Amino acid sequence: MTATLVPPVAAAPRTGVWRRLRHSPGAMAGLVIVVVFVAVALAAPLLAPYSPVASPDLAQIRPDHIPGFSAGHPLGLDQNGRDELSRLIYGARSSLLIGLVSTLAGALIGVVLGGLAGAFGGWVDAVVMRLVDIMLALPGLLFAIGIAAVLGKTTFSIMIAIAVVTVPAFTRLLRGAMLAERERDYVLAATSLGLRRSAVVLRHVLPNSLSPVLVQATLTLATAIIDAAALAFLGLGGDDPSTPEWGRMLADAQDTLTVAPRLAFLPCVAIILVALGFTLLGESLREALDPKGRR
């Protein structure tokens with residue numbers, strides 16, 4: 001009986017999602033960028049021609065000269081004689097790890113808080129939303145900088161800082177979706193048939209409210225990667241300065257802009273491309289899942 005209470009129209013928007021994404025140039029471009037980024041991050045040990053921390057060519061580095069593109073080093077060397085291509089490849093792994101873990105943690109906490117607020121309402125909703133309002137009153141990046149500075153210069157600190165900053169968006173989004181879903185006819189029908197409130201929320205309202213959260217998670221991945229690069233650029237990254245990370249590479253290149261501007265240009269391009277890929281994919285996914293946004 002309970003299975004028939006899920007409205008057929010709730011599943012209808014999902015049936016043609018992949019078909020609509022396939023016909024969206026933005027979605028396909030974003031998907032290609034994301035797939036290449038993930039593949040490079042996962043296969044970094046196989047793709048990198050050199051160790052990202054070794055400096056076998058340090059003798060070639062001079063204050064007024066850093067070797068550029070060559071057959072042995074397609075993207076040249078950095079200021080410490082390390083292969084720039086290998087560091088970019090391993091930097092993708094660091095960015096993916098930080099972005100994925102922080103987004104999942106923020107989404108999990110936001111879903112719990114938003115689910116409680118949307119399911120119970122009343123004083124629970126008031127307490128959760130006042131907490132969210134307090135967090136939103138603080139600028140996101142400054143809030144993350146404060147958390148990372150207090151917790152220390154570690155990768156785990158950056159993950160926690162970015163996760164905390166992303167919680168309000170997930171909380172408000174899920175709460176709003178659940179409040180709208182509770183007004184649907186099938187919820188009234190389920191309640192009239194005597195189903196418990198917890199069963200209606202967990203089996204029907206919550207699952208039908210998660211689509212916006214999925215879209216937000218895709219968009220948040222782009223923001224998380226940018227925030228991770230910003231925190232590393234400010235010196236709040238991992239405790240090992242030799243670990244390749246795009247934001248730290250960008251910061252280290254500031255002293256060599258006149259000698260080798262490519263050392264700042266390459267990680268900057270990598271950050272922009274990956275953020276663009278997740279943004280294109282997320283926006284296209286939002287349009288594909290939202291009936292009001294479809295043409």
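Values in this document were obtained by computation on a predicted structure and should not be read as measured data.
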Measure the spacing between CZ of Phe278 and CD of Glu283 and express it to the nearest 0.5 Å. 14.5 Å
Ser86 and Pro49: which non-hydrogen atoms are nearest, and at how many Å? OG-CD, 3.2 Å
Residues Thr220 and Thr223: side-chain donor-acceptor under 3.5 angstrom: no
Take Arg172 and Asp133 through the test salt bridge (Lys or Arg N to Asp or Glu O under 4.0 Å) and record every step on the way to the result. CA-CA 10 Å; Arg172 291 172 65 93; Asp133 290 340; 3.5 Å; yes
Apply the hydrophobic cluster definition, ILVMFWY joined by side-chain contacts under 4.5 Å directly or through others, and give me every member besides Ile66. Leu58, Ile61, Leu77, Val259, Leu263
In this structure, would Leu136 and Leu173 fall into the same cluster of hydrophobic residues linked by side-chain contacts under 4.5 Å? no
Should Phe37 and Ser95 count as side-chain neighbours, where that means a heavy-atom distance under 4.5 Å? yes
Can you measure from CD1 (Ile226) to CD1 (Ile271) and round to the nearest 0.5 angstrom? 8.0 Å
Contacts of type salt bridge (Lys or Arg N to Asp or Glu O under 4.0 Å), residue Asp83, not counting sequence neighbours: none
Taking the side chain from Ser284 and the backbone from Ala27, do they hold a donor-acceptor pair closer than 3.5 Å? yes
When you compare the side chain of Ser102 with that of Ile158, does any pair of heavy atoms fall below 4.5 Å? no
Taking every heavy atom of Gln216 against every heavy atom of Ala169, the minimum-distance pair comes out as NE2-CB, 4.0 Å
Roughly how far, to the nearest 0.5 Å, is CD1 of Ile147 from CE of Met159? 15.0 Å
Asn80 side chain to Arg82 backbone, donor-acceptor under 3.5 Å: no
About how many Å separate NE2 of His23 and CE of Met28, when rounded to the nearest 0.5 Å? 10.0 Å
Under 3.5 Å, is there a donor-acceptor pair between the side chain of Arg93 and the main chain of Ala41? yes
Is the shortest side-chain N to carboxylate O distance from Arg87 to Asp252 below 4.0 Å? no
Quick one: does any side-chain atom of Ser209 pair with a main-chain N or O of Leu174 as donor and acceptor, under 3.5 Å? no
Answer with yes or no whether the hydrophobic clustering places Ile98 together with Phe156; edges join I, L, V, M, F, W, Y residues whose side-chain heavy atoms lie under 4.5 Å apart. no
What's the spacing between Thr166 OG1 and Met135 CE if we round to 0.5 Å? 8.0 Å
To check you understand the geometry: which heavy-atom pair defines the closest contact between Ala177 and Pro212, and what is its length? CB-CG, 4.4 Å
In Å and rounded to the nearest 0.5 Å, what is the CD to CG distance from Glu245 to Leu97? 10.5 Å
4.5 Å side-chain heavy-atom contact, Leu221 and Val34: no
What's the shortest heavy-atom distance between Leu257 and Ala264, and which atoms? CD2-CB, 3.6 Å
Taking all atoms of both residues into account, what is the closest heavy-atom pair of Met178 and Gly115, and its distance? SD-CA, 3.6 Å
Does Val101 share a hydrophobic cluster with Leu96, counting links as ILVMFWY side-chain heavy atoms below 4.5 Å and allowing steps through other members? no
Between Trp246 and Cys268, is there a donor-acceptor pair closer than 3.5 Å when you use the side chain of the first and the backbone of the second? no
With the side chain counted from C-beta on, respond yes when Pro267 and Glu84 share a heavy-atom pair under 4.5 Å apart, and no when they do not. yes
Is there a path from Ile225 to Val36 through hydrophobic residues (I, L, V, M, F, W, Y) whose side chains come within less than 4.5 Å of each other? yes
Looking at Thr103 and Leu100, would you say the former's side chain and the latter's main chain have a donor-acceptor pair under 3.5 Å? no
Any idea which heavy atoms bring Phe69 and Pro74 closest together, and the distance? CD2-O, 2.9 Å
Would you check if Leu85 and Ile89 make a side-chain contact, meaning some heavy-atom pair closer than 4.5 Å? yes
